[in-house]
Enquirer: 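Handing you this structure, nothing more for now.
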Amino acid sequence: MNALSLIRQIISSLEDRIARWIKEKGIEKKIDLQRPPLMKYGDIACPVFKIAKSIGANPVYLAEELAEYLRKEKFDFVEKIEVYGGYVNIFLDREKVTAKVLSEVLTKDQLYGCMEQKLDELIIVEHTSTNPNAPIHIGNLRNSLLGDAFANILSALGYRVRRHFYVNDMGRQVIMTAIGYFLLKERNVKSALKHDLWTGIIYAIMNNFISAEEFKEKIWKIRPDLKELSQTKYQISDDEEKVFNEVLEREHKRVEDILGEDVESLKRTLKDIVEVSRDLKKRFPEIFNILLEEASKIESLSKYLEEQIRAYERGENPIKMVVRDMCSNVIKEVKKTLSRYGIYFDSFDWESDLAWSGFVEEILKKLEESGFVISKKSNGGEVKILDIEGYLRSRNLKSKLGIKEEFEVPPLVLTRSDGTTLYTTRDIAYTVWKFDKMGAKKVYNVIATEQNLPQLQLNVALRILGYDEWADNLIHFKYELVHLTGMKMSGRRARYITADEVLDTTINEVLKILEKSNYSEEEKRKIAQKVAIGAIKFALLNVSPLKVVTFDIKKALDLKENTGPFVQYNYARICSILRKAGTYRLDPSAVQAKWITGDLEWDLIRRIDEFPEVLKKVVQNLKPELLTNYLNELAVAFSKFYEKVPVLRAENDDQKVARLALVKAVGIVLRNGLKLLGIEAPEKM
RNA sequence: GGGCCCGUGGCCUAGUCUGGAUAGGGCACCGGCCUUCGGAGCCGGGGGUCGCGGGUUCAAAUCCCGCCGGGCCCGCCA
C-alpha cells in the first residue's frame with residue numbers, strides 16, 4: 001500500500017514517536033493527530049488534553065514538554081514545532097513537501113491516485129439491475145452513477161473489479177408485461193416508441209387490469225350478486241366504483257371480517273385503480289383498448305399470469321421465447337441509454353439462467369436441510385418460509401449483525417404456494433454464484449434502502465447455508481430514492497423522467513450557453529455532451545447516498561448552481577494556460593519548489609497530496625460524495641490561486657516553470673478525479 | 001404497533017464512526033472587480049438555537065437517554 005499521501009506518512013511517523021513518548025510517561029491513552037482549522041496553527045496538530053487529564057498535568061506545560069521532545073527528534077519534512085494552548089502545532093517544510101508532492105504527481109500523471117500494485121482480489125459490483133420492462137429513469141440513474149463511480153474507484157485502488165447487471169426476468173411484473181407484449185404482437189401492433197418506453201406502458205396497463213380483477217374478486221366474495229354489474233373484469237366502471245364504495249362503507253364490519261383488510265386502505269386502493277386506469281386510457285388510448293379487448297378473451301388474467309410464471313420458471317415455450325425476446329429488446333435500450341452516460345457492464349446475469357440450471361433448486365434444498373425452513377399450508381399448496389429469527393437466536397448472531405435483541409426479524413418467504421420461487425430466494429442462489437462460481441472476494445450490491453430487510457435476510461440466508469465468510473463480505477451499498485419536485489414518478493402509471501430526457505434537456509441547456517462562443521458546431525456538440533454529463537453526475541453524486549435527493553429539473557439545468565461544470569471549467573482554464581505556455585520542461589528535476597511556497601500554493605499542494613487518501617475513504621465509508629466535495633474544494637482553491645498568482649507573466653523563468661508545474665499537477669488531479677466519477681474533463685468549454 | 005435512515009443560515013451540503021482551536025463549502029441575496037493567463041470567475045458583506053430537551057466530559061454538531069419532524073420497510077412484489 002504505497003498510495004499513502006506524503007503528509008499521511010509524515011503523520012504516521014509523528015504518531016509513532018508520540019506514542020513512544022506517551023508510553024515512556026506510563027500513560028495508556030492514545031492520541032490522534034489532526035488537521036488544524038487555520039494555517040497559522042500549522043499543518044498538523046496534536047491536542048494533549050486527554051493525556052494531560054489522565055496524569056493531572058497542565059495541558060499547556062505538557063504540550064510544551066511534548067514539543068521539546070519532538071524538536072529533539074529529526075523529522076524529514078518538519079520545519080518547526082510550536083505550542084498554542086493545549087496544542088502542539090507542527091509546521092511542515094513547504095519547499096521539501098512541495099518538491100516531493102509535485103514530483104509524485106507529475107511522474108505518475110494519469111496514474112496519480114491509483115495503486116501501482118494490482119491486487120488479485122476480485123470484487124463484484126452489482127448495480128442498476130432494473131427490471132427489464134421499463135426505461136432507466138432518474139431514480140435508477142442514481143444507482144447506476146453510484147455503482148459505476150464506486151467501481152471506478154475500487155479499480156483505481158488496485159482491485160480487480162467486475163460490474164454486473166442482474167437481469168431480473170422472472171418477476172411477476174416482467175411476466176405480466178410479457179403477456180401484454182405478446183397480445184399486442186398477435187394483433188400486429190408495432191411499437192412506434194423505443195422498446196423500453198413501450199414495455200413500460202404495457203406494464204402499467206397490464207398491472208392496472210390485474211389490480212382491477214383482484215379487487216373485484218375481493219368485493220365479489222362479499223357480494224357475489226355484484227358480478228352482474230361487471231362488463232369486464234379488468235376495468236372498474238363508474239357505477240361499480242360507486243357501488244363498491246357503498247359496500248365498503250355500509251358493510252365495513254363484514255368486509256374486514258371476511259377479507260381481513262382495513263376498509264380505508266381498500267377504499268384507497270379502489271380509488272387508485274380507477275385513477276390510474278383513467279390516466280392510462282387517456283394517454284395511451286390505442287394500446288389500452290387493444291389490450292383490454294385481448295385481455296377480455298382471457299378468463300382470468302391473474303390466474304393466467306400465475307400459470308405463465310410457473311411455465312417460465314420451468315423454461316417452457318412459448319412464454320420463454322416471449323419473455324426473452326422482450327427483455328433482450330429492453331436491455332438493448334437500457335445499454336444504449338447507459339452508454340450515453342459512459343456506463344458499461346462486464347456481464348448481464350439472467351436470473352432465469354440460474355433457475356433453469358437447477359442451481360436455485362439446489363440452494364433451496366440445502367436451505368431445507370438446515371432445518372430452518374418451515375412449510376405452511378396455504379391456497380391448496382405449501383409455502384416455504386425461512387426462519388431468520390430462529391437462526392439468529394440459535395447462533396446468537398444479532399449483536400454481531402447490529403440487530404437489536406428485542407427486534408424480531410421477519411421470516412423470509414422462499415416459495416409461493418404453487419411452488420414457484422421469489423426474488424430473494426433466487427438472489428440467494430445468485431449471491432452464492434458470485435462468490436463461488438465467479439470467485440469474488442467481496443460483493444457490493446448497489447440497492448436502494450427500501451430493500452434493507454430483504455438484503456438482511458439474504459445475508460442471514462448465506463449464514464444458514466454455512467457461508468459466513470461470504471456473508472461478511474457481502475456489502476449492501478444502500479442509497480435513498482430520488483424524489484421529484486412537482487411530480488411523482490410511478491412505474492404503475494408509466495410516469496417517469498427518463499435518463500435520456502434528463503441528458504437531452506441538459507445538453508440543450510449547455511448548447512444555449514455555448515451559442516455565443518465561436519466553437520465549431522462539432523466542438524459545441526462535444527463540449528455540451530461532456531458538460532451535461534458533468535452537471536448531472538456531479539449533482540447526483542454530490543449528495544450522500546443516505547439522503548433523499550430531491551431532483552428539480554429546473555435547478556439541475558441552472559449550471560451556475562452546479563459544481564460539476566465549475567470543476568470542469570477550472571480544468572479548461574488550466575489547459576488553456578498550459579497551451580499558451582508552449583513547451584517548458586516540467587519534469588520534477590527542472591522545478592524549483594522555492595518559488596511556490598506561498599499560502600495559496602501551499603493550500604493546493606496539501607490538497608493534491610490528499611487525493612489518494614480521499615479515494616480510500618470513499619471506499620471505506622461508501623461515500624462517493626467525499627470525492628465530489630474534494631474536487632470542488634480543490635477547484636475553489638485553484639480559482640483563488642489563479643486570480644492572485646500570475647503564471648504566464650511570472651517574474652522570471654524559474655518561477656514560471658514552478659508555477660506551471662503546480663498548475664499542471666492540479667489539472668492532473670482534477671482530471672483523474674473527474675474520470676473516477678465518470679466525468680470527462682474537457683480541454684475547452 | 002415494530003425496525004432502519006435522515007434533520008447543520010432562505011436552499012443544497014462537509015464535518016458525526018475516532019469528541020478539541022473562530023462549524024467548512026456551494027447556490028441565492030447585497031456591495032465591489034472586465035488595460036492582466038478563459039467572468040461558467042474573483043474579492044468583500046449580511047445571514048446559524050448544528051431539529052428539541054436532558055445527561056456524560058476540562059471540552060459535544062459529534063457520545064448516551066428521551067422526544068419532535070421527514071423518508072423507507074415490516075406481501076405468496078422487486
Side-chain angles (χ1 to χ4, degrees), chain A residues 30 32 34 36-38 40-41 45 47-50 52-53 59 84-87 89 129-131 168 170-174 207 306 376 378-379 381-385 402-404 406-410 413-424 427 447-454 456 478 480-481 483 491 510 513-514 517 531 535 539 542-544 546-550 552 555 558-563 565-566 568-570 572-581 620-621 623 625-626 628-630 632-633 636 639-640 642-650 659-660 663 684-685:
Chain A
K30 215 192 140 235
D32 289 314
Q34 58 183 76
L38 294 171
K40 68 170 181 176
Y41 297 133
V48 300
F49 304 99
K50 250 181 240 168
K53 171 103 200 275
Y84 188 93
Y87 295 88
N89 294 327
S129 300
T130 52
N131 270 347
N168 189 235
M170 295 187 74
R172 210 177 126 87
Q173 296 178 11
V174 169
N207 183 254
E306 282 168 25
K376 243 190 201 163
S378 158
N379 277 337
E382 264 189 350
V383 286
K384 286 175 185 156
I385 298 168
I403 303 164
K404 272 192 183 169
E406 313 86 76
F407 173 56
E408 202 169 309
V409 182
V413 178
L414 294 168
T415 64
R416 300 188 179 94
S417 53
D418 64 359
T420 51
T421 56
L422 290 150
Y423 171 79
T424 309
D427 203 13
I447 297 176
T449 57
E450 56 181 356
Q451 288 196 45
N452 242 326
L453 180 58
L456 171 67
K478 35 190 133 181
E480 280 290 350
L481 299 178
H483 290 200
V510 181
I513 296 173
L514 288 170
S517 70
V531 172
N542 196 28
V543 183
S544 158
L546 295 176
K547 287 186 181 178
V548 175
V549 169
T550 306
D552 185 338
K555 268 192 174 176
D558 183 349
L559 298 174
K560 283 233 162 158
E561 279 208 19
N562 255 300
T563 37
F566 174 72
Q568 290 174 315
Y569 175 67
N570 279 289
R573 294 210 285 197
I574 287 171
C575 290
S576 175
I577 292 176
L578 294 172
R579 257 196 314 271
K580 288 193 175 138
Q620 269 162 18
N621 305 314
K623 286 175 160 209
E625 76 272 24
L626 297 180
T628 54
N629 260 283
Y630 167 82
N632 182 41
E633 279 172 16
V636 168
S639 218
K640 286 177 180 166
Y642 176 90
E643 208 65 32
K644 288 268 155 58
V645 183
V647 177
L648 296 177
R649 287 170 305 100
R659 286 178 180 168
L660 277 170
V663 166
K684 292 178 182 176
M685 67 182 270

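Residue numbers start from 1 in every chain, and the chains themselves are labelled A, B, ... in the order their sequence lines are given, proteins ahead of strands. Hydrogens, waters and symmetry mates are skipped; everything else that's a heavy atom, side chains included, is used.
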Enquirer: Give the rounded distance in Å between these two atoms: CZ of Arg573(A) and P of C37(B).
Expert: 11 Å

Enquirer: Quick one: look up who G31(B) pairs with, Watson-Crick or G-U, both distances under 3.5 Å, and put none if it's unpaired.
Expert: C43(B)

Enquirer: Between atom CG in Leu481(A) and atom P in C73(B), what is the gap in whole Å?
Expert: 8 Å

Enquirer: Side chain of Glu625(A), heavy atoms from C-beta onward: which of C42(B), A14(B), G38(B) has the nearest atom to it?
Expert: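 Per side-chain heavy atoms of Glu625(A), the pick is A14(B).
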
Enquirer: State the pairing partner of A14(B); accept Watson-Crick or G-U wobble contacts with both distances under 3.5 Å, and report none otherwise.
Expert: none

Enquirer: Remember a base hit wins even if backbone is also touched, and classify Gly171(A) as base, sugar-phosphate or nothing at under 4.0 Å, heavy atoms.
Expert: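 If one applies the 4.0 Å heavy-atom cut-off, Gly171(A) turns out to touch the sugar-phosphate alone, with no base involved.
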
Enquirer: Within the structure, does a side-chain N or O atom of Lys644(A) lie under 4.0 Å from either OP1 or OP2 of C42(B)?
Expert: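 It does not, given that no N or O in the side chain of Lys644(A) lies less than 4.0 Å from OP1 or OP2 of C42(B).
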
Enquirer: Considering only heavy atoms from C-beta outward, does the side chain of Ile577(A) approach that of Tyr642(A) to under 4.5 Å?
Expert: yes

Enquirer: Nearest-Å distance, CD (Gln34(A)) to C1' (G15(B))?
Expert: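 Taking atom C1' of G15(B) as the reference, CD of Gln34(A) is at 12 Å.
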
Enquirer: Base, sugar-phosphate or nothing for Val409(A)? Non-hydrogen atoms, less than 4.0 Å.
Expert: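 Touches nothing.
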
Enquirer: So does Arg659(A) get a side-chain nitrogen or oxygen closer than 4.0 Å to the phosphate oxygens (OP1/OP2) of C37(B)?
Expert: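 Checking C37(B) against Arg659(A), no side-chain N or O comes under 4.0 Å of OP1 or OP2.
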
Enquirer: If you check every side-chain atom of Lys53(A), which of A40(B), U57(B), A21(B) has the closest atom?
Expert: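 Output: U57(B).
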
Enquirer: Counting the atoms with a prime plus P, OP1 and OP2 as sugar-phosphate, which does Tyr569(A) contact under 4.0 Å by heavy atoms, base, sugar-phosphate, or nothing?
Expert: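 Base contact.
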
Enquirer: Quote, to the nearest angstrom, the C1' distance that separates G66(B) from G25(B).
Expert: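 Going atom to atom, C1' in each nucleotide, I get 34 Å.
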
Enquirer: Side chain of Glu450(A): nearest nucleotide among C73(B), C5(B), G71(B)?
Expert: C73(B)

Enquirer: Which of the following nucleotides, A21(B), C5(B), G75(B), is nearest to the side chain of Val413(A)?
Expert: G75(B)

Enquirer: On the nucleotide G15(B), are OP1 or OP2 found under 4.0 Å from the side-chain N or O atoms that Lys623(A) carries?
Expert: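 Yes, within the criterion.
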
Enquirer: Can you find a pair of side-chain heavy atoms, one from Leu414(A) and one from Thr421(A), that are under 4.5 Å apart?
Expert: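 Sidechains of Thr421(A) and Leu414(A): no contact.
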
Enquirer: Expressed in angstrom and rounded to an integer, what is the separation of Lys547(A) atom NZ from C12(B) atom P?
Expert: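 Spelled out: NZ on Lys547(A) to P on C12(B) is 9 Å.
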
Enquirer: Looking at the side chain of Met685(A), which of A40(B), U13(B), G15(B) is the nearest nucleotide?
Expert: A40(B)

Enquirer: Whole angstrom is fine here: how far is it from CD in Glu408(A) over to P in C4(B)?
Expert: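 Those two atoms, CD and P, are 14 Å apart.
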
Enquirer: When all nucleic acid strands are considered with a 4.0 Å heavy-atom cut-off, which category describes Ala45(A): base, sugar-phosphate, or nothing?
Expert: base

Enquirer: Taking pairing as Watson-Crick or G-U wobble with both contacts under 3.5 Å, can you name the mate of G66(B), or confirm there isn't one?
Expert: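 Looking at the geometry, G66(B) pairs with C52(B).
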
Enquirer: Which of these nucleotides, G41(B), G75(B), C37(B), is closest to any side-chain atom of Lys580(A)?
Expert: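 Of the candidates, C37(B) comes closest.
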
Enquirer: Within the structure shown, what part of the strands sits under 4.0 Å from Pro37(A) by heavy-atom distance: base, sugar-phosphate, or nothing?
Expert: base

Enquirer: Could you list, one pair per line, each protein nitrogen or oxygen that sits under 3.5 Å from a nitrogen or oxygen of nucleotides 17-19 of chain B, together with the distance?
Expert:
none

Enquirer: Using a heavy-atom cut-off of under 4.0 Å over every strand shown, decide if Asn89(A) touches base, sugar-phosphate, or nothing.
Expert: base

Enquirer: Just wondering, do Tyr41(A) and A21(B) stack (centres under 5.5 Å, planes under 30°)?
Expert: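 Yes, Tyr41(A) stacks on the base of A21(B).
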
Enquirer: For G3(B) versus G46(B), give the span between their P atoms, rounded off to a whole number of Å.
Expert: 46 Å

Enquirer: Taking any heavy-atom pair under 4.0 Å as a contact, classify Ser417(A): base, sugar-phosphate, or nothing.
Expert: base

Enquirer: Check whether any side-chain N or O of Arg416(A) sits under 4.0 Å from OP1 or OP2 of C77(B), and answer yes or no.
Expert: yes

Enquirer: Side chain of Tyr84(A) only, heavy atoms from C-beta on: which candidate in G71(B), A21(B), C74(B) is closest?
Expert: A21(B)

Enquirer: Give the nucleotide from the list C6(B), A21(B), G15(B) with an atom nearest to the side chain of Leu546(A).
Expert: C6(B)

Enquirer: Could you work out the separation of G7(B) and G15(B) based on their C1' atoms and round it to a whole Å?
Expert: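 Comparing C1' positions in G7(B) and G15(B) gives a spacing of 15 Å.
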
Enquirer: Any side-chain N or O of Ser576(A) under 4.0 Å from OP1/OP2 of C37(B)?
Expert: no

Enquirer: Rounded to whole Å, how long is the line connecting atom CD1 of Ile513(A) with atom P of G41(B)?
Expert: 10 Å

Enquirer: When the C1' atoms of C27(B) and G47(B) are compared, how many Å lie between them, rounded to an integer?
Expert: 14 Å

Enquirer: Summarise protein proximity over nucleotides 24-35 of chain B in one line of letters, 5' to 3': B for base, S for sugar-phosphate only, - for none, counting protein heavy atoms closer than 4.0 Å.
Expert: -SSS--------

Enquirer: Would you indicate what Pro59(A) reaches in the nucleic acid, counting non-hydrogen atoms under 4.0 angstrom: base, sugar-phosphate, or nothing?
Expert: nothing

Enquirer: Distance between the C1' atoms of A28(B) and G38(B), in whole angstroms?
Expert: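 Those two atoms are separated by 25 Å.
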
Enquirer: Work out how far the P atom of U8(B) is from that of G55(B), and round it to whole angstrom.
Expert: 25 Å

Enquirer: Just call it for Val645(A): base, sugar-phosphate, or nothing, with non-hydrogen atoms closer than 4.0 Å on any strand.
Expert: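 Base, at least one base heavy atom under 4.0 Å.
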
Enquirer: List in chain and number order the residues that pass ring pair (Phe, Tyr, Trp, His ring centres under 6.0 Å) with Phe49(A), two or more places apart in sequence or in another chain; answer none if no residue qualifies.
Expert: Tyr87(A)

Enquirer: When you measure from the side chain of Ile577(A), which nucleotide among C37(B), G71(B), G75(B) comes out closest?
Expert: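 Closest nucleotide to the Ile577(A) side chain: C37(B).
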
Enquirer: Dump the intermediate steps for side-chain contact (heavy atoms from CB on, under 4.5 Å) on Gln173(A) and Asn207(A), then the final yes or no.
Expert: CA-CA 8 Å; Gln173(A) 296 178 11; Asn207(A) 183 254; 5.6 Å; no

Enquirer: Would you indicate what Asp418(A) reaches in the nucleic acid, counting non-hydrogen atoms under 4.0 angstrom: base, sugar-phosphate, or nothing?
Expert: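 The residue Asp418(A) makes no contact with any strand.
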
